[in-house]
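See structure below.
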Amino acid sequence: MNKKREIKRALISVSDKTGVVDFASKLANLGIEILSTGGTYRLLESNNINVNEVSSYTDFPEIMDGRVKTLHPKIHGGILGRRGIDDEVMQKHSINAIDLVIVNLYPFSETVEDPDCLLSDAIENIDIGGPTMIRAAAKNYLDVAVIVDHLDYDSTYKDLLINKKSLSLEKRFHLMTKAFDHTAKYDGMIANYFGSKNFRNESFKFPNTINFQFKKQQAMRYGENPHQDSAFYIDQSYLSAAIGSSKQLQGKDLSFNNIADADAALQCVKQFTTPSCVIVKHANPCGVASAKNLIDAYKRAFKTDPESAFGGIIALNRELDQETATLIMQQQFVEVIIAPSVARKAREIISIKKNIRLLECGELTLSDDNVFDLKKVTGGLLIQDQDQEMIAMDQLKTVSRIAPSTDEIRDMLFTWKVVKMVKSNAIVYARNFQTLGIGAGQMSRVNSARIAAIKADHAGLSLKNAVMASDAFFPFRDGIDNAVKLGINCIIQPGGSMRDNEIIEAVNDHKIKMVFTSMRHFRH
């Protein structure tokens, strides 16, 4: 079934006027009658396009400062009228069919983003007639086409040319789905805004109800496991560097696990300002390092755990250069490489292995203000701030008798940034801005420490005079005693245990250093 509908009459009323003059001119040249309102009408008329004003067509003026202009039976009857069913009543009331509706909505989001926006300003920027016309046209897609996105102008015009002023049912259905997406997003935005305000315009962080809209980026071959179907959806309003907005330069389609791991790697590497490399396997960093240049950062990150790095995800916070790309290709099998940009020579080198997914994510910024962390649970959704808090040097509390040196504090802060990104319970050993062993996701903190030590030993890395970071407090002194046996000289942890005095006593007994952050970083 592919019933075409001829377009004889179009109604145009847009807030975003991008491309509308050119498109309206083309419609007029095809002999399509154009109705329009307000600013759109004046714009089209000033560009010598043959256009009829809606108020003249309905014989009813725009009233209430433009609040009422398209809410009229001759408009909505023309849009909603079912061809072949409502023809008689339309003729009786002198209602002409409107075959194409081109509408987008008042800029509500731009209005409320202004910190000085009043409730009255927000209310005046709630579109009424626009959503009503869009929904009416979308509901009647069997007979009417609706355009809400200027990016659809060219393809619609081409279809009109090919089909002799007609649009196919398939095209109208496609435009209809975009129209309902548009109004759903708009209504959700309004509900979110007012749901986070009280009568005095005071803001609440979490609205009474919350609406999200994500666009399907790609269907996936399977999910976490081959027996699970999946798809990847993105938040189009998110503007910072992210997997969803990255440009894939080469390689197979990203898998479900590729995306999850690449996101973990990218979020980790965002925290560092010096040239840094993060290698992730199964959502946990298995190697992190910072250095004076990118290739040294990669070398040192890889040394942490070469075994786990096999088939891993590499995230970089500098442009991927030729030298680093060459070493990666020589040294390991990698699934995904993501960097702010990729040098031409580096891209040529990576292209030798065509299956490697190579992504450019753009400039990295750590701050993601007003972006929530979402965790789906059965029948509900947990929402929290993203964990962006990071302790500064002057906020550390030295609790040991011996104070750490400035260099040791810098190593502590590096290690603290890494442990924050490791699944709890998390233990990280590091020295000179290089991870030496990482223990992740264990039910016991002691076992995480043991695993991190095993990893370091397996990689041939000494823990003498290394830093130990724990994402939460030590409940007993055995964690300290075991760390000293390994060679650990500095410990950074949140503190807050009932046995903190016992922990501090153990540190002093062993004549090592310890600082408290008073901030934990559980990651589940």
Side-chain angles (χ1 to χ4, degrees), residues 1-14 20 23-24 26-28 30-38 40-41 44 49-63 66-105 127-149 152-153 156-157 159-160 163-184 186-187:
M1 182 180 179
N2 191 25
K3 294 167 66 175
K4 295 178 182 177
R5 284 287 184 262
E6 184 179 357
I7 306 300
K8 298 180 180 178
R9 186 173 293 104
L11 189 153
I12 307 177
S13 180
V14 290
V20 73
F23 186 47
K26 290 174 178 176
L27 295 180
L30 289 175
I32 295 171
E33 180 185 341
I34 297 175
L35 303 173
S36 191
T37 63
T40 307
Y41 166 77
L44 299 182
I49 295 170
N50 189 15
V51 56
N52 297 322
E53 192 169 13
V54 162
S55 58
S56 298
Y57 171 72
T58 60
D59 197 26
F60 196 94
E62 292 185 13
I63 59 174
R67 279 189 167 203
V68 178
K69 49 192 172 187
T70 58
L71 297 170
H72 191 282
K74 289 189 73 171
I75 298 299
H76 288 281
I79 297 171
L80 283 166
R82 296 161 293 179
R83 286 33 166 186
I85 297 175
D86 298 318
D87 296 352
E88 186 176 338
V89 70
M90 291 173 72
Q91 186 175 8
K92 178 180 177 181
H93 295 284
S94 302
I95 296 173
N96 295 322
I98 296 173
D99 311 301
L100 175 62
V101 172
I102 304 160
V103 173
N104 54 54
L105 307 175
D127 202 324
I128 301 300
T132 307
M133 288 189 290
I134 290 171
R135 289 175 63 85
K139 176 176 180 175
N140 201 25
Y141 79 95
L142 290 175
D143 296 308
V144 179
V146 55
I147 299 176
V148 296
D149 184 352
D152 288 313
Y153 290 168
T156 302
Y157 177 63
D159 284 1
L160 288 169
N163 296 306
K164 299 178 181 178
K165 287 178 57 177
S166 296
L167 292 176
S168 68
L169 179 61
E170 182 180 7
K171 179 70 172 181
R172 300 195 305 275
F173 184 88
H174 168 71
L175 293 172
M176 175 266 286
T177 61
K178 289 192 70 171
F180 282 125
D181 284 344
H182 189 60
T183 57
Y186 193 74
D187 287 340

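In this text, all values refer to a predicted model and were calculated from it rather than measured experimentally. Heavy-atom basis, side chains included; hydrogens, waters and symmetry copies ignored.
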If you round to the nearest 0.5 Å, how far is [atom2] of [Y] from [atom1] of [X]?
X	Y	atom1	atom2	answer
D127	D187	CG	CG	10.5 Å
Y57	T37	OH	OG1	14.5 Å
N140	R83	CG	CZ	6.0 Å
E170	R172	CD	CZ	11.0 Å
N163	K4	CG	NZ	4.0 Å
L80	R135	CG	CZ	11.0 Å

Looking at [X] and [Y], what are the two nearest heavy atoms and their distance?
X	Y	value
V51	S36	CG2-CB, 3.6 Å
L142	L169	CD2-CD1, 3.7 Å
V103	V101	CG2-CG1, 3.5 Å
A145	L167	CB-CD1, 3.6 Å
K74	I95	O-CG2, 4.0 Å
I34	A24	CD1-O, 3.4 Å

Without swapping roles, check the side chain of [X] against the backbone of [Y] for a donor-acceptor pair under 3.5 Å.
X	Y	result
N96	G78	no
D152	I147	no
T40	S13	no

Count the heavy atoms of every other residue, nucleotide or ligand shown that sit under 6.0 Å from [atom1] of [X], and state whether that count exceeds 12.
X	atom1	answer
N50	CG	no
Y157	OH	yes
K178	NZ	yes

**Message:** Under 4.0 Å between a side-chain nitrogen and a carboxylate oxygen: does that hold for D99 and K8?
**Reply:**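 Salt bridge: no.
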Find out whether [X] and [Y] are in side-chain contact, i.e. whether some heavy atom of one side chain is under 4.5 Å from a heavy atom of the other.
X	Y	value
R9	I98	yes
L105	I134	yes
L175	Y141	no

**Message:** Working note: I102 + L100, criterion side chain to side chain contact (heavy atoms under 4.5 Å, CB included); need CA distance, chi angles, decisive distance, verdict.
**Reply:** CA-CA 7 Å; I102 304 160; L100 175 62; 3.8 Å; yes
